[in-house]
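Taking it in order: structure first as structure tokens, then the write-up.
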Amino acid sequence: MPSLSLSLPSPPKLAPSSSSSSKPHNSEPLTRSFSVPQLHKAISALQFSPHQNSRLHLVNSSLLLKACIRSRNFHLGKLIHHKLIDSGLHLDSVLLNSLISLYSKCGDWETALSIFQSMGDGRRDLVSWSAMISCFANNNMEFDALVTFLDMLENGLYPNEYCFTAVIRSCSNANYASIGRGIFGFVLKTGYFDSDVCVGCALIDMFVKGSSDMDSARLVFEKMRERNVVTWTLMITRFAQLGCPGDAIDYFFNMLLSGYKPDRFTLTSVLSACAELKWLKLGQQLHSWVIRSGLASDVCVGCSLVDMYAKCAADGSIENSRKVFDSMPDHNVMSWTALITGYVQGDGQDQEAIKLFCDMLQGHIAPNHFTFSSVLKACANLPDLCFGEQLHAQAFKLGLSSVNCVGNSLINMYARSGRMECARKSFDILFEKNLVSYNTIVDAYAKTSDSEEAFEFFHEIEHTGIGANSFTFASLLSGAASIGAIGKGEQIHARVLKSGFGSDQCINNALVSMYSRCGNIEAALQVFSDMGDRNVISWTSIITGFAKHGFVTKALKMFYEMLETGVKPNEVTYIAVLSACSHAGLIDEGWRHFNSMYEIHGVVPRMEHYACMVDLLGRSGSLSEAIEFINSMPFKADALVWRTFLGSCQVHGNTELGEHAAKMILEQQPNDPAAYILLSNLYASEGHWEEVAAIRKNMKQRNLIKEAGCSWIEVENQVHKFHVGDTSHPQAQKIYDELNELAVRIKKVGYVPNTDFVLHDVEDEQKEQYLFQHSEKIAVAFALISTPTSKPIRVFKNLRVCGDCHAAIKYISLVTGREIVVRDANRFHHFKEGICSCNDYW
DNA sequence: TTAGGGTTAG
């Protein structure tokens with residue numbers, strides 16, 4: 001950025017005119033004296049003839065021009081300019097100054113500048129310089145505004161309040177904050193600082209926008225000799241925008257106490273502060289004020305009301321928003337977007353949001369980047385990306401896909417459906433990447449278990465100085481948790497403490513979950529116990545942790561403790577409680593919670609809760625009771641319920657019911673590989689090899705790929721992954737030597753290979769060999785030769801742990817004296833001294 | 001007669 005040096009002259013002896021502070025401030029356009037048709041008529045009559053008084057003609061033109069500027073009717077203003085050129089009259093400074101202002105306000109700074117330059121030093125007065133500085137400030141050309149200001153000083157002109165207002169406005173961004181402070185010193189010497197409302201407003205904005213210095217802004221406001229609705233509203237608006245809605249509302253009440261009457265600008269901002277705080281009561285009072293004061297027809301106020309009711313709706317219903325929207329006489333892109341956003345934020349109303357978007361297009365209202373951002377969010381929640389892709393194409397055509405908020409929604413939408421390539425492309429083409437963009441992509445990679453990539457972006461965030469926030473840390477922790485990288489998780493934990501986020505509730509909840517999902521339930525409990533402020537998510541995380549680790553008594557104890565502290569359980573809490581009962585086979589207790597969840601706590605059981613009950617009944621062997629339960633469900637059982645039931649059929653070897661369950665799954669999801677594999681495993685465990693072959697052939701024809709079983713372990717911050725019979729690891733030879741040795745040692749203490757778990761039709765001896773190639777056994781063997789004996793071994797598996805491996809690892813924990821923790825697709829197994837925490841019930 | 005200030009949506 002070029003540098004500017006500022007040497008300021010001493011002020012003249014004359015004090016600023018007192019008229020500036022007592023001048024009436026009118027926010028009404030001057031069209032009071034000219035209606036639009038009258039303006040048209042007056043302009044078409046504006047013909048100059050030689051026998052007319054040329055001075056009168058110029059004055060008339062000047063008045064009309066001013067009316068055009070005030071009513072923002074730039075087209076007519078330009079028409080006047082052309083008529084003046086046609087008249088051939090010599091234009092005076094007054095008219096030329098007005099023309100500069102006209103072109104400045106319609107964004108045509110080039111024409112404004114050419115008029116200013118054509119005036120020459122002779123005709124340029126303080127008004128011309130001020131208008132030109134203001135023009136640059138209006139058109140984001142702060143540097144040119146400041147250079148023009150310095151030029152003016154060099155030309156010997158001394159700034160007045162108009163000029164200061166314009167130049168201060170050009171310092172309202174971080175790049176020019178220090179120059180702004182220099183000019184502030186200059187203004188202080190002149191006395192305009194506290195005597196002119198507009199200079200005061202410009203200074204407030206300079207402090208707020210340039211350096212987020214709210215204290216200086218407050219000081220300027222307090223020192224102002226005269227305030228009006230605009231100055232009060234400015235304070236309310238800026239505090240609301242800077243994330244201090246409470247202060248904004250304080251200013252609003254002080255404004256009322258000082259006797260000022262809020263206008264549509266004030267109400268719009270204060271409603272927005274209410275929305276932020278979710279203060280529905282105040283919002284409703286303001287709504288009635290809006291109606292009484294006749295401001296209900298204002299589209300901006302209406303927009304804020306729509307937004308306020310949507311944000312304050314505790315139950316996700318946006319009925320009140322809709323009522324306000326429907327009662328508005330006029331709509332624009334913002335009011336439509338506010339309502340669409342309301343529907344997207346409400347639960348499960350995405351279809352309605354999309355319908356509204358289509359209605360908006362039918363009404364010929366063009367969507368903008370905010371609209372696309374919201375409606376793309378709705379698309380991300382739909383199972384089919386088709387409409388989302390169409391919207392992407394539309395946004396691309398309009399040049400909006402690389403705008404920050406649209407791009408962020410696109411990243412999220414593609415990531416949710418696992419299309420990381422498209423998500424990555426959407427990120428890469430962004431014009432400007434802010435923390436929300438980085439957080440979205442970090443979260444996307446963390447959720448798809450590509451935590452290496454997530455960490456790469458985290459380093460970029462740190463490198464670019466954007467500064468991570470609680471969302472970044474929570475996403476990284478969930479990324480570490482999903483692959484069980486406890487070392488990475490511990491590193492983030494240290495970073496969280498260093499960055500001062502140690503007491504952040506959201507991060508602490510993520511830490512509880514991370515430690516628990518990485519196999520260290522003790523550390524999870526430690527974080528939970530140290531938390532000062534716990535919500536339902538904190539409690540649910542620790543209950544889920546205990547349940548998954550098989551510490552069912554502790555999970556249920558935590559649940560009762562949570563109820564005692566007055567925290568209301570939600571749907572997820574009940575999934576944890578029911579699955580805890582299911583893991584331990586506590587049928588009566590499970591029924592009790594299932595029956596009371598709605599009656600006592602108003603939580604309506606949904607599909608997942610029914611699936612937990614099916615699991616509870618099925619696992620314990622009550623298959624017929626389970627199927628009876630499925631048939632009595634208030635809605636049609638989905639594939640998840642039947643898959644759960646099929647799992648139980650496999651455990652209990654019931655081929656007949658298993659076939660029925662598989663049929664039910666495939667009816668809903670004909671290409672679900674999991675159903676085919678479960679059924680194939682069921683046939684294999686019963687020795688029905690012909691059926692196994694038929695299923696494999698069918699899968700091949702349908703091009704269905706079986707998810708390959710794999711296990712992994714983190715050693716010294718590096719993840720080592722193993723597949724069945726894997727020999728690709730650099731230490732493969734050592735690993736297999738260790739496995740052979742282990743096989744001998746555990747057989748000596750009673751291990752008998754269970755070849756029923758070999759799902760191939762081969763000889764017994766080969767079956768035994770197959771068993772010792774299972775990925776979880778390889779991972780355990782690798783851990784034994786590469787980790788210190790004092791530490792527990794934590795192995796992760798993408799599928800359910802195999803029964804023979806479960807037995808073998810129990811014996812391994814006995815002969816080696818090591819504690820081994822295995823996380824499989826369902827739960828944790830803590831193996832210690834020959835016993836597993838699941839008591840062989842899983 | 002000419003130049004200056006405050007609204008809404010991710």
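Every chain is numbered from 1, with letters handed out A, B, ... down the list of sequences.
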Query raised in the report: So, N155(A) side chain and L157(A) main chain: donor-acceptor pair closer than 3.5 Å or not?
Result: no
Query raised in the report: Heavy atoms under 4.0 Å, any strand shown: does V306(A) hit a base, just sugar-phosphate, or nothing?
Result: nothing
Query raised in the report: S374(A) has a side chain; which of dT2(B), dT8(B), dG10(B) sits nearest to it?
Result: dG10(B)
**Report entry** Integer-rounded Å distance: dA3(B) C1' and D125(A) CG
**Finding:** 9 Å
Query raised in the report: If you check every side-chain atom of S62(A), which of dT1(B), dG6(B), dA9(B) has the closest atom?
Result: dT1(B)
Query - S104(A) side chain to N138(A) side chain, donor-acceptor N/O pair below 3.5 angstrom - result: yes
Requested in this report: Provide, to the nearest angstrom, the distance between the CG atom belonging to L286(A) and the P atom belonging to dT7(B).
Outcome: 18 Å
Query raised in the report: Does anything in residues 286-298 of chain A pair up under salt bridge (Lys or Arg N to Asp or Glu O under 4.0 Å), and if so which pairs, sequence neighbours excluded?
Result: R264(A)-D298(A)
Report task. Determine the minimum heavy-atom distance between L295(A) and V301(A), stating which atoms define it. Result -> O-CB, 4.0 Å
Query raised in the report: M255(A) CE to dT7(B) P: how many Å, rounded?
Result: 14 Å
Requested in this report: Would you mind classifying the nucleic acid contact of N332(A) as base, sugar-phosphate or nothing, using non-hydrogen atoms under 4.0 angstrom?
Outcome: nothing
Query - dT8(B) OP1/OP2 closer than 4.0 Å to side-chain N/O of Q241(A) - result: yes
Report summary line: Residues in residues 91-107 of chain A with a heavy atom under 4.0 Å of DNA chain B, by number, are V94(A), N97(A), S98(A), S101(A), K105(A)
**Report entry** Out of dA9(B), dT8(B), dG10(B), whichever nucleotide has its closest atom nearest the side chain of N368(A)
**Finding:** dA9(B)
Query raised in the report: What about the rings of F184(A) and F193(A), do their centers lie closer together than 6.0 Å?
Result: yes
Requested in this report: Measure from the side-chain N and O atoms of D144(A) to the backbone N and O of V147(A), and report whether any donor-acceptor pair falls under 3.5 Å.
Outcome: no
Query raised in the report: Among residues 401-408 of chain A, which contact DNA chain B at a heavy-atom distance under 4.0 Å?
Result: N404(A), C405(A)
Report summary line: F265(A) atom CZ is separated from dG5(B) atom P, nearest whole Å, by 12 Å
Query raised in the report: Just checking, R124(A) and F116(A): is the charged tip under 6.0 Å from the six-membered ring centre and within 45° of the axis?
Result: yes
Report task. Report yes if the distance between the aromatic ring centroids of F325(A) and W336(A) is under 6.0 Å, otherwise no. Result -> yes
**Report entry** Closest to side chain of N434(A), choosing from dG6(B), dT8(B), dG10(B)
**Finding:** dG10(B)
Report summary line: Taken to the nearest whole Å, CE/M334(A) to P/dT8(B) is 8 Å
**Report entry** Interatomic distance, L271(A) CG vs dG6(B) C1' [rounded to whole Å]
**Finding:** 15 Å
Query - Exam field: side chain R123(A) to backbone D92(A), donor-acceptor pair closer than 3.5 Å - result: no
Query raised in the report: Which one, dG5(B), dG6(B), dA9(B), comes nearest to the side chain of D263(A)?
Result: dG6(B)
Query raised in the report: So, is Q345(A) near the phosphate of dA9(B), with a side-chain N or O under 4.0 Å from OP1 or OP2?
Result: no
Query raised in the report: Can you tell which of dG6(B), dT8(B), dT2(B) lies closest to the side chain of K66(A)?
Result: dT2(B)
Requested in this report: Can you check whether any acceptor in the base of dG5(B) is under 3.5 Å from a donor in the side chain of N228(A), or vice versa?
Outcome: yes
Query raised in the report: According to a strict under-4.0 Å criterion, is S272(A) in side-chain N/O contact with OP1 or OP2 of dA9(B)?
Result: yes
Report task. For dA9(B), take OP1 and OP2 only and decide whether either is under 4.0 Å from a side-chain N or O of K377(A). Result -> no
Query raised in the report: Looking for any heavy atom pair under 4.0 Å, which part of the strands does V301(A) touch: base, sugar-phosphate only, or nothing?
Result: nothing
Query raised in the report: By centroid distance (under 5.5 Å) and plane angle (under 30°), are Y162(A) and dA3(B) in a stacked arrangement?
Result: yes
Report task. Would you mind classifying the nucleic acid contact of N60(A) as base, sugar-phosphate or nothing, using non-hydrogen atoms under 4.0 angstrom? Result -> nothing
Query raised in the report: Would you say Y414(A)'s side chain and S426(A)'s backbone share a donor-acceptor pair under 3.5 angstrom?
Result: no
Query raised in the report: Counting heavy atoms not belonging to E319(A), are there more than 12 under 6.0 Å from its CD?
Result: no
Query raised in the report: Rounded to the nearest Å, what distance is computed from the CZ atom of residue R123(A) to the P atom of nucleotide dT2(B)?
Result: 18 Å
Query raised in the report: Taking N and O atoms by type only, does the side chain of S373(A) place a donor or acceptor under 3.5 Å from a partner on the base of dG10(B)?
Result: no
Report summary line: Regarding the side chain of R238(A), the nearest nucleotide among dT2(B), dT7(B), dA3(B) is dT7(B)
Query raised in the report: What nucleotide, of dG5(B), dT2(B), dT7(B), holds the atom closest to the side chain of T165(A)?
Result: dG5(B)
Query raised in the report: Between dG6(B), dT8(B), dA9(B), which nucleotide gets closest to the side-chain atoms of S304(A)?
Result: dT8(B)
Report task. Could you check which of dA9(B), dG6(B), dT2(B) has an atom nearest any side-chain atom of T233(A)? Result -> dG6(B)
Requested in this report: Mark yes or no for whether N320(A), through its side chain, and K323(A), through its backbone, hold a donor-acceptor pair below 3.5 Å.
Outcome: no
Query raised in the report: Could you give the CG-to-C1' distance, from N160(A) to dT2(B), as a whole number of Å?
Result: 12 Å
